[in-house]
**Q** 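Before I ask anything, here is the structure I am working with.
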Amino acid sequence: VEEAAGDCSKEDLAAAARRAYHRTHAEICALPGCTAGCTASLCIVNETREQLICVNVGDSFAMLVDQPASVDTVVHPMNSKFITTDHRINNNESERDRVTAA
């Protein structure tokens with residue numbers, strides 16, 4: 001939200017999340033001896049606007065899972081779905097093409 005400069009619209013929060021990831025990646029890569037980046041998923045619930053904003057980078061993803069009626073109930077796979085894009089190259093043709101071209 002800091003990166004959004006107070007604007008909590010869906011578009012501005014998504015853009016702010018991208019800026020925050022770039023900033024975090026740069027900070028991690030600036031650590032002495034660091035040769036790795038970062039991977040993360042972020043979901044923001046805007047209850048006022050009834051929006052769920054999700055972003056992910058790297059080999060991470062987010063899933064939305066319906067809460068079972070009882071804590072003893074096992075979550076069935078049919079009650080869940082991916083809500084971000086899977087960037088793993090073995091599952092995503094456009095990501096595989098992007099990496100291969102780089």
Side-chain angles (χ1 to χ4, degrees):
V1 177
E2 172 189 326
E3 286 286 337
D7 185 349
C8 294
S9 68
K10 177 181 176 181
E11 293 77 17
D12 286 331
L13 282 175
R18 285 191 294 276
R19 287 192 302 275
Y21 282 134
H22 286 288
R23 185 176 77 187
T24 301
H25 180 75
E27 289 173 4
I28 290 171
C29 288
L31 296 172
C34 178
T35 59
C38 65
T39 179
S41 293
L42 171 69
C43 295
I44 302 168
V45 177
N46 186 330
E47 291 181 349
T48 303
R49 295 183 183 200
E50 297 182 347
Q51 293 176 328
L52 175 65
I53 298 105
C54 299
V55 294
N56 67 304
V57 294
D59 292 340
S60 65
F61 55 87
M63 294 185 76
L64 183 62
V65 179
D66 286 344
Q67 183 176 358
S70 164
V71 293
D72 297 327
T73 304
V74 176
V75 174
H76 190 277
M78 296 300 291
N79 293 342
S80 63
K81 66 178 184 174
F82 287 100
I83 55 174
T84 56
T85 301
D86 185 350
H87 293 134
R88 293 176 291 182
I89 60 173
N90 57 333
N91 297 338
N92 184 318
E93 184 177 348
S94 64
E95 186 69 5
R96 183 173 42 256
D97 293 345
R98 184 190 71 79
V99 170
T100 302

**Q** In chain order, what residues pass the side-chain hydrogen bond (donor to acceptor under 3.5 Å, both in side chains) check against Asn91, with sequence neighbours excluded?
**A** Asp86
**Q** Would you name the heavy atoms of Thr84 and Ala62 that are closest together and state the gap between them?
**A** OG1-N, 2.8 Å
**Q** In chain order, what residues pass the side-chain contact (heavy atoms from CB on, under 4.5 Å) check against Glu95, with sequence neighbours excluded?
**A**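 Partners of Glu95 by the side-chain contact (heavy atoms from CB on, under 4.5 Å) criterion, ordered by chain and then number, come out as His87, Ile89, Asn92, Arg98, Val99.
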